[in-house]
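In what follows, every heavy atom counts, from backbone to side chain, and hydrogens, waters and symmetry copies are set aside.
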Amino acid sequence: MTEMTMDVPRSRAGWTRTRHLAGMVVAMVAGMVLLGPVWRAAGEVVGGAGVLARADVAALVMATNMSLGMVAWMWHRGDGWTATAEMTAAMYVPFLLLLPPWWAGLVGDHALMLGGHLLMVPAMVLVALRHQHAPGDTPRRHPVAAAVARRWPSALALLMTADMWFAPTVVPPWTLLVLPAGYLFLGTWRRQWTDRRRLVVQLVGLAGWGGLAAAAAAGPVEAAGVLVGLGWLGHAGWDLWFHRTGRVVPRGYAQWCAVLDVAVGITTLLAVLSR
């Protein structure tokens, strides 16, 4: 993979890495959406639908679908095979780490899937930081494609949560901790804590959502679902504030997170009401 030259400004290099990661995530989601029906159809034909329904098999199939989409995108970009292989490993390793606890009955199906996806994010970031990407020429795009590209974080969030509207589920209380953790991680990476007040605000947010997660975990099931749903919806307001200010996290991340939070929050509340 092309090494980034020293004369590329830090901000431009950071944006290039972020854009490249975003492109890979979109390609991964596209791989899941496009290849998922193929696996299901093949399972029906060969009588393997029951095997594909197993959480461990489904996790590895999903990793394969995401990897194929991501590999196609990296090949289109002209990335090297070493970086492509490491990104592919970032798709599988999180699930492989969680499969032994799943086989032992220590974690459930939902924890396997959700945990694997959450662990992919830092794994992908580490590979992206290891392989610095030089900025390439921006291709000419159709006006409609350009308009969609400007709102790609929202589109990505909608794609990631599309299945939740068809099968609403109550996400575990501990997922509330992921919301402030993302801001703390990205704020640290972007060196946003020179103003200590920003760090204090994020730590207060961590304490608030941590307390909400603890209350949800300790309360009855119905109340837990409501608290979790409201916690996700409340974080959307947090995202909108930081999207407006442009501080701590990139605006694209805040936009993506806001749409994701609303979708998860609403579908969680719908799952509670449907019980």
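- Nearest approach of Val25 to Met124, heavy atoms of both residues: CG2-CE, 3.9 Å.
- Side-chain N or O atoms of Arg198 include none that pairs as donor or acceptor with a backbone N or O of Val248 at under 3.5 Å.
- Defined by atom type and a distance below 3.5 Å, a donor-acceptor pair is missing between the side-chain atoms of Asp56 and Trp102.
- Two residues are said to be in side-chain contact when any heavy atoms from C-beta on lie closer than 4.5 Å; Met66 and Met120 meet this criterion.
- When the side chains of ILVMFWY residues are joined at heavy-atom separations under 4.5 Å, either directly or via intervening members, Trp189 and Val121 end up in two distinct hydrophobic clusters.
- Atom CH2 of Trp75 has 12 or fewer heavy atoms from other residues, nucleotides or ligands within 6.0 Å.
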How far apart are the C-alpha atoms of Met28 and Trp73, what are their side-chain angles, what is the distance that settles it, and do they pass the side-chain contact (heavy atoms from CB on, under 4.5 Å) test? CA-CA 9 Å; Met28 289 158 49; Trp73 172 250; over 6 Å; no
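- With rounding to the nearest 0.5 angstrom, the CG atom of Leu177 is 11.0 Å from the CG atom of Leu184.
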Subject >> CA sep, side-chain torsions, deciding dist, call: Trp81, Met74, side-chain contact (heavy atoms from CB on, under 4.5 Å) >> reply: CA-CA 9 Å; Trp81 287 110; Met74 295 185 72; over 6 Å; no
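- For the 3.5 Å distance criterion, the side chains of Trp165 and Thr267 fail to qualify, holding no donor opposite an acceptor.
- Listed for the His235 side chain is no donor-acceptor partner under 3.5 Å among the backbone atoms of Gly231.
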Problem set entry | From CA spacing to verdict: side-chain contact (heavy atoms from CB on, under 4.5 Å), Leu179, Asp239 | CA-CA 10 Å; Leu179 304 175; Asp239 296 323; over 6 Å; no
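- Trp39 is linked by a side chain to side chain donor-acceptor pair (under 3.5 Å) to Asn65, counting only residues two or more places apart in sequence or in another chain.
- The heavy-atom pair separating Pro173 from Ala213 by the smallest distance is O-CB, 3.4 Å.
- In the hydrophobic clustering of ILVMFWY residues, with side-chain heavy atoms under 4.5 Å counting as a link, Val228 and Leu269 come out apart.
- Val272 has its side chain within reach of Val170: a pair of non-hydrogen atoms, C-beta onward, lies under 4.5 Å apart.
- Between Phe242 and Trp238, the angle of the ring planes lies from 30° to 60°, which puts this pair in the tilted group.
- Here the closest non-hydrogen pair linking Gly182 and Tyr253 is CA-OH, 3.7 Å.
- In terms of modelled atom types and a separation under 3.5 Å, the side chain of Thr175 and the main chain of Val171 share no donor-acceptor contact.
- Both Trp209 and Leu186 are members of a single hydrophobic cluster when ILVMFWY side chains are connected at heavy-atom separations under 4.5 Å.
- Here the CD1-OG1 distance, from Ile266 to Thr161, works out to 10.0 Å after rounding to the nearest 0.5 Å.
- In this structure, the separation between CE on Met87 and CE on Met91 is 7.0 Å, given to the nearest 0.5 Å.
- The neighbour count for Arg247 CZ, taken as heavy atoms of other residues, nucleotides or ligands under 6.0 Å away, does not exceed 12.
- Taken to the nearest 0.5 Å, the OG atom of Ser67 stands 4.5 Å off from the OH atom of Tyr92.
- Across all their heavy atoms, Thr268 and Gly225 have their closest contact at CG2-O, 3.5 Å.
- In this structure, CG in Leu52 is found 11.0 Å from CZ in Arg54, a value given to the nearest 0.5 Å.
- Residues Leu233 and Leu227 do not share a hydrophobic cluster, clusters being chains of Ile/Leu/Val/Met/Phe/Trp/Tyr side chains in contact below 4.5 Å.
- Residue Leu114 holds its CG atom at 9.5 Å from CG of Leu119, rounded to the nearest 0.5 Å.
- Following chains of ILVMFWY side-chain contacts shorter than 4.5 Å, one cannot reach Val262 starting from Trp256, and the two form parts of different hydrophobic clusters.
- Closest approach of Ala271 to Ser274, counting heavy atoms only: O-OG, 2.9 Å.
- The nearest pair of heavy atoms linking Met70 to Thr84 is CE-O, 4.4 Å.
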